[in-house]
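Take a look at the structure below.
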Amino acid sequence: MTGSPPIRVVRGTALFIAGDDVDTDQIMPSRFLRSTSFTGLEQHVFEDLRQAGPHPFDDPLHASASILIAERNFGCGSSREHAPQGLARWGIRAIIAESFGEIFAANCTAIGLVCVTLARADRQSLSKACVDVPDAPLCIDLRRQRVEAAGAGFACTLPEGRRQQFLDGSWDSLSLLMADPAAVEEVDARTRVFAPPPGVL
């Protein structure tokens, strides 16, 4: 199977966003959904919360962070693709939380943004470690389903189907289609309900 490069391990430093039920409107306010492309969305991630006061995304200590740690039900709410797109374009490559909004997690998978869950006590320990030592290296190993940071290790989980998509590179469905255009044409010809007259596209 061909597609995008496999994602087996994600390494980086982390930042922590406190609070349960952080929804997609908080991640990417609705007024930024009018764009016809995702370009520039990274500038507006958590914009309303950032305007309200100090925020981890504005903390120079986390300027190079690539892993986001959250609490329960992260990414709940509407199904907007702009939320994971904005996070990815800001530089986030993986999210660790106690649970996720299901559609949000699926949208993340489609762009290669890894979402894994930790038990609450483990997530709390990991959050504290990353707050105490902002530049502590963190590793998410999808092969072993394990998160390691600050000398500690935690078992993480994600749906097995998604894990396999990351491991074999099949998470990017567009790349899979582009890799075999002849097969796409064959399926289209075989399943097309309406065939236009000759000369009509």
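Side-chain atoms are counted along with the backbone in the values below, which use heavy atoms only and exclude waters and symmetry mates. The structure displayed is predicted, hence computed values, not measured ones. Count residues from 1 along the sequence.
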**Prompt:** Who are the ring pair (Phe, Tyr, Trp, His ring centres under 6.0 Å) partners of Phe154, not counting sequence neighbours?
**Reply:** none
**Request:** Under the side-chain contact (heavy atoms from CB on, under 4.5 Å) rule, what do Val45 and Met28 come out as? Steps first, then yes or no, please.
**Result:** CA-CA 5 Å; Val45 172; Met28 183 59 60; 4.0 Å; yes
**Request:** Flag yes if Val116 and Leu126 sit in one hydrophobic cluster, no otherwise; membership is Ile, Leu, Val, Met, Phe, Trp, Tyr, and two members link when side-chain heavy atoms are under 4.5 Å apart.
**Result:** yes
**Shortest non-hydrogen contact between Ser30 and Asp25, atoms and distance** = N-OD1, 3.1 Å
**Message:** For His82 together with Phe32, are the ring centres under 6.0 Å from each other?
**Reply:** no
**Prompt:** Could you state the interatomic distance from CZ (Arg162) to SG (Cys108), rounded to the nearest 0.5 Å?
**Reply:** 9.0 Å
**Prompt:** What are the two closest non-hydrogen atoms of Leu158 and Cys115, and how far apart are they?
**Reply:** CB-O, 3.6 Å
**Distance, nearest 0.5 Å, that separates NE2 of His55 from CG of Asp48** = 10.5 Å
**Asked** In the hydrophobic clustering (ILVMFWY, side-chain contacts below 4.5 Å, transitive), which residues join Ile103, or is it alone?
**Response** none
**Request:** If the plane angle is over 60° it's perpendicular, under 30° parallel, otherwise tilted; pick one for Phe74 and Phe100.
**Result:** perpendicular
List, one per line, each side-chain donor-acceptor pair under 3.5 Å for residues 14-22, sequence neighbours excluded.
{"unit_1": "Asp20", "atom_1": "OD1", "unit_2": "Arg72", "atom_2": "N", "d": "3.1"}
{"unit_1": "Asp20", "atom_1": "OD2", "unit_2": "Arg72", "atom_2": "NE", "d": "3.3"}
{"unit_1": "Asp20", "atom_1": "OD2", "unit_2": "Arg72", "atom_2": "NH2", "d": "3.1"}
{"unit_1": "Asp21", "atom_1": "OD1", "unit_2": "Asn73", "atom_2": "ND2", "d": "2.9"}

**Closest heavy-atom pair and its distance - Leu142, Arg163** = O-NH1, 2.8 Å
**Fill in**
Scanning both residues in full, the closest heavy-atom pair of Ile69 with Ser127 reads CG2-OG, 3.4 Å
**Prompt:** Distance from Arg123 atom CZ to Cys156 atom SG, nearest 0.5 Å?
**Reply:** 15.0 Å
**Message:** Could you check whether any side-chain N or O of Thr24 sits under 3.5 Å from a backbone N or O of Gly77, counting only pairs where one atom can act as donor and the other as acceptor?
**Reply:** no
**Message:** Please give me the minimum heavy-atom distance between Ala155 and Leu118, naming the atom from each residue.
**Reply:** O-CD2, 3.2 Å
**Request:** Nearest 0.5 Å please: distance from the OG1 atom of Thr109 over to the CD atom of Gln165.
**Result:** 6.5 Å
**Asked** How are the rings of Trp171 and Phe166 set to each other: parallel, tilted or perpendicular (split at 30° and 60°)?
**Response** tilted
**Asked** Could you give the distance from OG (Ser79) to CD (Glu102), rounded to the nearest 0.5 Å?
**Response** 12.5 Å
**Which residues share a ring pair (Phe, Tyr, Trp, His ring centres under 6.0 Å) with His62, sequence neighbours left out** = none
**Fill in**
The reported gap from CG in Leu61 to SG in Cys130 (rounded to nearest 0.5 angstrom) is 12.5 Å
For residues 83-96, run the donor-acceptor check on the side chains, cut-off 3.5 Å, and write out each pair with its distance to 0.1 Å, sequence neighbours left out.
{"unit_1": "Gln85", "atom_1": "OE1", "unit_2": "Arg89", "atom_2": "NE", "d": "3.1"}
{"unit_1": "Arg93", "atom_1": "NH1", "unit_2": "Arg11", "atom_2": "O", "d": "3.3"}

**Candidate pair Arg50 and Glu47, rule salt bridge (Lys or Arg N to Asp or Glu O under 4.0 Å), full reasoning** = CA-CA 5 Å; Arg50 292 163 74 179; Glu47 179 154 313; over 6 Å; no
**Message:** Count I, L, V, M, F, W, Y as connected when their side-chain heavy atoms are under 4.5 Å apart, and connections chain through other members. Are Val9 and Ile7 then in the same cluster?
**Reply:** no
**Non-hydrogen atoms of Ala97 and Glu71 that approach each other most closely** = CB-O, 3.3 Å
**Thr13 side chain to Asp135 backbone, donor-acceptor under 3.5 Å** = no
**Hydrophobic cluster identity match, Leu41 and Ile27, side-chain contacts under 4.5 Å** = yes
**Item:** Any residue meeting salt bridge (Lys or Arg N to Asp or Glu O under 4.0 Å) with Asp59, in chain and number order, not counting sequence neighbours
**Value:** none
